[in-house]
Structures are given as C-alpha cells and as structure tokens.
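A short worksheet on the structure shown next.
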Amino acid sequence: MDYVYIKDVSKYVGKEVTIKGWLYNKRSSGKIYFLLLRDGTGIIQSVAAKGEIPDEDYELCDKITQESSMIVTGVIREDSRSPGGYELSLQHIEVVQISEPYPITPKKHGISFLMDNRHLWLRSKKQNAILRIRAEVINAVRDFFNKEGFILVDTPILTPCSVEGTTTLFETDYFGRKAYLTQSGQLYNEATCMALGKVYCFGPAFRAEKSKTRRHIIEFWQVEPEIAYAELKDVMDCAEKLIVYIVARVLEKRKDDLFAIERDIQPLENVTSPFPRITYTEAVKILHQKDEHFEWGGDFGAPQETIISESFDRPVHITHFPARIKPFYMKRPPEDEKLALGVDVLAPEGYGEIVGGGQREDNLEILEKRLKEDNLPKKDFEWYLDLRRYGSVPHGGFGLGIERTITWLCGIQHIRESIPFPRLLDRIYP
RNA sequence: UCCUCAGUAGCUCAGUUGGAAGAGCGCCUGACUGUUAAUCAGGAUGUCGUAGGUUCGAGCCCUGCCUGAGGAGCCA
C-alpha cells in the first residue's frame with residue numbers, strides 16, 4: 001500500500017493517507033485520544049474519538065505504548081489546535097508491535113542515562129534535527145569540493161606510522177607488524193595532489209588521547225583538501241569559502257531543524273566573507289587587552305580561544321604561529337624562521353578551532369633537517385621526501401573537523417551530540 | 001594523566017544534628033469527547049554504587065575500589 005511521509009502532509013489536506021511510524025506520545029481526555037505519531041520526517045497529531053472509528057481500533061489507543069510501531073490511515077485536516085497545524089483524523093490503526101515500556105520518557109533525563117541509551121535517544125526531536133543538519137553539512141562539503149574541481153581521494157585508515165609524532169595513536173596488529181589508525185590523511189594527500197592537482201579526502205580519524213572535554217571525541221570525521229601550487233593565502237581563501245558555503249547551505253535547507261533545536265540563527269547569518277585575518281602575535285595582543293595572562297610562544301588553550309573568537313562576529317583566521325608549537329612539515333617564512341605558515345580558523349561564540357592547516361615545507365633539505373630535529377625515522381618518510389625530489393611545488397591544505405563544525409552550527413554544548421554514536425574516553429557502548 | 005563533583009525506585013531528584021526509605025514523572029486501576037510534558041483520584045515499585053571501618057544505631061561520618069559527570073592538558 002502506498003503511504004506518505006509526515007513532512008509532506010500539507011499536500012494531502014482533505015485526502016485519505018496512510019502513515020507508517022511510531023507513537024511519539026499519547027494524550028487522552030474522556031472518549032478521545034490524541035496520538036503523536038513520528039516517522040523520521042516529522043511528527044503529526046492524530047485523533048481518534050470513540051464512535052468515529054471502529055471500537056476495536058479505539059481500544060488499541062488504550063493499549064499502545066510510547067514508541068509502539070504502527071501503520072495508521074486517516075484524513076489530513078488543517079487544524080490550529082494541533083501542534084504543527086495539521087492533524088490526522090484516524091480511521092484505522094494497525095499495530096506492528098506494542099513497545100515494551102520505553103526508557104526515554106518525555107520528561108527530564110541525565111546525560112549518563114541518555115548516553116547509555118544513545119541508540120534510542122536518536123529518536124527524540126533534538127537529536128533527530130542534529131543528525132539531519134549533520135547530513136546537510138556533509139553533503140555541503142562534498143558538493144563544495146566537487147563544484148570547485150577537487151578530486152576525491154580516499155586515504156588509508158591503517159597506516160604504518162604517525163603523521164604527527166607527539167599525539168597518541170591506536171595501535172593494531174597487522175599480520176604480526178604494528179599498524180595504526182590514521183589521525184589524518186594529509187601526508188597522503190600531499191602525494192595525491194601532486195598527481196591530481198586539487199584533492200580532498202573525507203573520512204574518520206582517530207586520536208587515542210585521553211581528552212575529556214566537550215570539544216573532543218576519539219573517533220571523528222574530517223575533510224582535508226590539499227592544493228598543489230598553493231600558498232598560505234590560497235589555503236585560507238579555500239577554508240573561508242568552504243565555511244561560508246556550509247553555513248549558507250544549512251541556513252537554506254535546514255532552518256526548520258535549527259528552529260527545532262532553538263538555535264539563534266542571527267550569529268550564523270553573519271558568516272559571510274571576508275573573515276578577519278590576524279596573526280598569532282596580534283591574537284596575543286587581544287588576550288593582553290582583555291587582561292588575559294599569556295606569554296608569546298605558547299599554544300592557545302580553550303579559554304584563550306574563547307576570548308579571541310568572542311572578539312569577532314564571524315570565524316577568524318589566525319596565522320604565523322611560533323614554529324615550535326607546529327608540526328615538522330609546516331613551512332616557515334624565509335624572513336622569519338621562528339614562525340610557521342599555518343592557519344587555524346576559530347568558530348565564533350567560543351566554539352574554538354574548526355580548521356587547522358597551512359602551507360607545507362616543499363624544500364627537501366629543510367624537510368630532512370626538520371625530521372632529524374624531531375627525531376622522526378627518515379626511513380618511514382622516504383616516500384614523503386620523494387614528493388620534494390620529483391617536481392616539488394609550493395602546496396598546502398587544511399582539515400575541517402565535521403563534528404566541531406556541527407556543534408557550532410547547532411549551538412549545542414557538547415560535541416558528543418553531533419555524531420550518531422560518539423566514541424568517548426571510557427565510553428564505547430552502544 | 002591531573003583537579004572538582006556525584007552515585008538513593010525504571011527516570012529526575014529530596015532526604016535536616018547519625019534515630020521508621022520519600023516526592024514528581026513513568027507504570028497499573030478509575031473519571032473526563034480537543035488534549036498540548038493533558039488533568040484529577042487511588043495503587044504497586046528499593047542490594048541507598050561496592051568492600052571495609054567508627055557507632056547502641058549509618059543513606060548520612062572515615063578509608064579503599066568501581067562507575068559517571070564537569071574542567072585542565074592535547075588537539076579537529
């Protein structure tokens with residue numbers, strides 16, 4: 001039998017339709033029942049009054065519990081008394097399964113309980129909206145790079161060694177040898193961009209860091225473009241254009257979901273070019289103006305990032321970091337060897353870093369020297385050094401953290417709600 | 001890894017100075033033909049995280065452990 005989705009009911013006013021869904025909530029008064037039905041595309045109130053539907057169907061209204069699966073038939077009406085403005089006058093109810101008592105009631109729950117029931121929590125309105133926004137962000141990212149002429153390349157998840165030596169990697173057994181889950185596809189992207197010009201990879205990354213904050217998950221998704229014949233400014237332009245595109249797309253297609261999660265969209269509407277571009281040294285000056293104690297040379301922590309980002313009404317680029325807080329592959333400007341041509345983009349409203357990237361070192365001798373300084377095994381990086389031996393060109397790229405971007409766009413407090421099944425420190429169930 | 005806080009009914013929590021184990025929601029029974037987290041009346045529901053200790057007596061005080069949350073560092 002043909003059926004309609006709740007998001008489309010406005011097209012069926014006055015018509016008989018069949019909807020397949022689940023009972024979201026139930027209210028009753030005397031001989032009338034109000035069943036709130038959800039189907040993944042929306043929620044509609046349906047009404048069953050005694051005498052107006054067969055008695056056996058009416059009796060089912062009493063029996064069905066929250067989240068029972070059911071197929072209902074009725075006529076769509078416009079009705080201002082119904083939340084959502086449309087209502088279904090029930091004619092027939094077919095119960096697929098009576099749900100056991102559902103753990104997540106419409107009342108308040110603690111985060112620990114909700115995380116234990118994440119597989120069910122996803123059915124609630126807010127989580128539903130966040131996941132739809134997530135899907136839109138991912139589609140926007142893909143559309144952007146495809147339209148800009150980037151080639152999608154899939155970099156490996158299993159890698160023989162670290163990209164950034166200092167961070168902790170997940171180790172696994174690779175037929176008797178050690179292998180690691182990737183932290184980034186960047187080094188491989190540097191190879192593929194020399195083959196294809198403009199490339200991007202999009203996939204999961206893993207950090208075995210014992211991070212326990214609202215901005216960290218162990219397994220997260222990032223998109224990493226890499227551009228041949230690009231300098232720092234080109235990388236910044238690309239990141240800015242991408243962010244503007246994502247925000248505009250979500251505002252265009254997912255406004256209902258932003259309202260559903262009560263996101264104030266005014267700050268998102270500010271997100272247009274140009275973004276402010278400041279250097280690390282200027283950022284330190286901002287901190288000093290705001291009476292924040294900070295010494296030039298250190299890395300910004302969460303409180304510093306918040307102060308800096310709150311000084312602007314849209315994302316801000318920060319460039320020219322002290323070289324010693326950035327990885328070995330980052331190019332240093334010839335005029336000042338103490339700096340690195342890196343860029344971080346901080347999201348506004350205190351949401352912190354969503355983009356990290358920069359221009360890569362393209363000179364063979366300098367790169368060899370850096371490997372030695374960082375005590376990295378040259379043997380493992382021979383292929384990477386080859387990229388500087390055979391037609392080296394200036395190039396660069398960045399990584400954009402998908403979950404951090406979603407967390408910011410949704411205005412939610414914690415990154416764990418931005419991915420269906422977050423992997424957190426000490427939490428891998430469900 | 002470090003700092004802070006928490007763990008009592010299915011869920012959210014209260015529990016006074018150490019002296020009889022509580023409320024709301026959910027669930028069960030009943031009333032109500034327009035509810036909006038419906039409302040109203042009645043009912044059932046406990047290894048007080050765990051192992052010790054102090055005490056005539058511990059949900060409450062002390063110690064260890066477990067689990068969770070918030071934050072730091074690290075980072076996207």
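Scope of the values below: all heavy atoms of this structure, side chains included, with no hydrogens, waters or symmetry mates. Proteins get letters first, then strands, A, B, ... in listed order; numbering begins at 1 in each. These numbers were taken from a predicted model, which means no experiment stands behind them.
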To the nearest angstrom, the CG-C1' distance between A/Asp344 and B/C75 comes to 10 Å
Heavy atoms only, 4.0 Å cut-off, all strands: where does A/Glu87 land among base, sugar-phosphate and nothing?
base
Side-chain donor or acceptor of A/Gln222 paired with backbone N/O of A/Gly401 under 3.5 Å:
no
Show, in sequence, the C-alpha distance, side-chain angles and deciding distance for A/Asn146 and A/Arg142, and conclude whether the side chain to side chain donor-acceptor pair (under 3.5 Å) test is met.
CA-CA 6 Å; A/Asn146 292 339; A/Arg142 289 186 175 141; over 6 Å; no
Phosphate-side-chain proximity, A/Lys210 and B/U1, N/O vs OP1/OP2 below 4.0 Å:
yes
Counting only side-chain heavy atoms from C-beta out, which of B/U33, B/A69, B/U35 sits nearest to A/Arg27?
B/U35
A/Arg427, nearest nucleotide to its side chain (from B/A76, B/A72, B/G68):
B/G68
Separation of B/U67 atom P from A/Tyr429 atom OH, nearest Å, is 17 Å
What would the secondary structure line of RNA chain B be in dot-bracket form, counting Watson-Crick and G-U wobble pairs under 3.5 Å, with [ ] for pairs that cross earlier ones and | for pairs with another strand?
(((((((..((((.....[..)))).(((((.......))))).....(((((..]....))))))))))))....
Of the nucleotides B/U35, B/A76, B/U12, which one has an atom closest to the side chain of A/Ile415?
B/A76
Verify the distance criterion only: is there a donor paired with an acceptor across the side chains of A/Glu87 and A/Gln45 at less than 3.5 Å?
yes
Under the 3.5 Å rule, do the base of B/C74 and the side chain of A/Ser211 count as making a donor-acceptor pair?
yes
For A/Ile217, report the nucleic acid contact type (base, sugar-phosphate, nothing); a contact means any heavy atom under 4.0 Å.
base
Return the stacking result for B/A76 and A/Phe220: yes when the ring centres lie under 5.5 Å apart and the planes under 30°, no otherwise.
yes
Relative to the ring of A/Trp221, is the ring of A/Phe202 parallel (under 30°), tilted (30 to 60°) or perpendicular (over 60°)?
perpendicular
Using a heavy-atom cut-off of 4.0 Å across all strands, would you classify A/Gly301 as base, sugar-phosphate, or nothing?
sugar-phosphate
Quantified in whole Å, what is the C1' atom distance between nucleotide B/U1 and nucleotide B/C75?
16 Å
Tell me: CD1 of A/Ile98 to P of B/C27, nearest whole Å?
13 Å
Considering just the side-chain nitrogens and oxygens of A/Lys108, establish if one lies under 4.0 Å of OP1 or OP2 belonging to B/C11.
no
Measure from the side-chain heavy atoms of A/Thr213 and tell me the nearest of B/C32, B/C75, B/A72.
B/A72
Would you mind reading off the distance between A/Arg215 atom CZ and B/G70 atom P, rounded to a whole angstrom?
12 Å
Is the distance between the ring centroids of A/Phe300 and A/Phe294 under 6.0 Å?
yes
With nearest nucleotide decided by heavy atoms, which residue, A/Lys326 or A/His414, maps closer to the 5′ end of RNA chain B?
A/His414
Counting the atoms with a prime plus P, OP1 and OP2 as sugar-phosphate, which does A/Asp79 contact under 4.0 Å by heavy atoms, base, sugar-phosphate, or nothing?
base
Taking the six-membered ring for Trp, are A/Phe145 and A/Tyr200 parallel (under 30°), tilted (30 to 60°) or perpendicular (over 60°)?
parallel
Would you please confirm or rule out a distance under 4.0 Å between OP1 or OP2 of B/G70 and any side-chain N or O of A/Arg416?
yes
Please state how far atom CD1 in A/Ile111 lies from atom C1' in B/G68, giving the value in whole angstrom units.
11 Å
Please confirm whether any donor atom in the side chain of A/Glu52 sits under 3.5 Å from an acceptor in the base of B/U33, or the reverse.
no
Base, sugar-phosphate alone, or nothing: which one does A/Ala302 contact when heavy atoms must sit under 4.0 Å apart?
sugar-phosphate
What nucleic acid atoms does A/Pro103 come within less than 4.0 Å of, heavy atoms only: base, sugar-phosphate, or nothing?
nothing
Aromatic plane relationship, A/Phe328 with A/Phe381 - under 30° parallel, 30 to 60° tilted, over 60° perpendicular:
perpendicular
Distance in angstrom units between A/Leu425 CG and B/U1 C1', rounded:
10 Å
Which nucleotide wins on minimum distance to the side chain of A/Lys212, given the candidates B/G70, B/U33, B/C11?
B/G70
A/Phe113 side-chain proximity, nearest of B/A37, B/C75, B/U12
B/U12
Pick base, sugar-phosphate or nothing for A/Gln66, based on heavy-atom distances below 4.0 Å to the nucleic acid.
nothing
Determine whether the aromatic ring centres of residues A/Tyr12 and A/Tyr86 are separated by less than 6.0 angstrom.
no
Atom-pair distance (CG on A/Asp62; P on B/U33), nearest Å
15 Å
Assert yes or no for the condition that the ring centre distance of A/Trp121 to A/Phe113 is strictly below 6.0 Å.
no
Between B/G7 and B/U12, how far apart are the two P atoms, rounded to whole Å?
12 Å
RNA chain B nearest-nucleotide lookup for A/Gly399 and A/Ser82: closer to the 5′ end is A/Ser82
Is it the case that the side chain of A/Arg404 and the backbone of A/Arg215 share a donor-acceptor pair, with hydrogens and angles ignored and the cut-off at 3.5 Å?
yes
Tell me what A/Thr405 touches on the nucleic acid: a base, only sugar-phosphate, or nothing, going by heavy atoms under 4.0 Å.
nothing
Whole-Å distance separating the CG atom of A/Asn117 from the P atom of B/U12:
10 Å
For A/His216, answer base if it contacts any base atom (sugar-phosphate contacts may also be present), sugar-phosphate if it contacts only those atoms, and nothing otherwise; contact means non-hydrogen atoms under 4.0 Å.
base
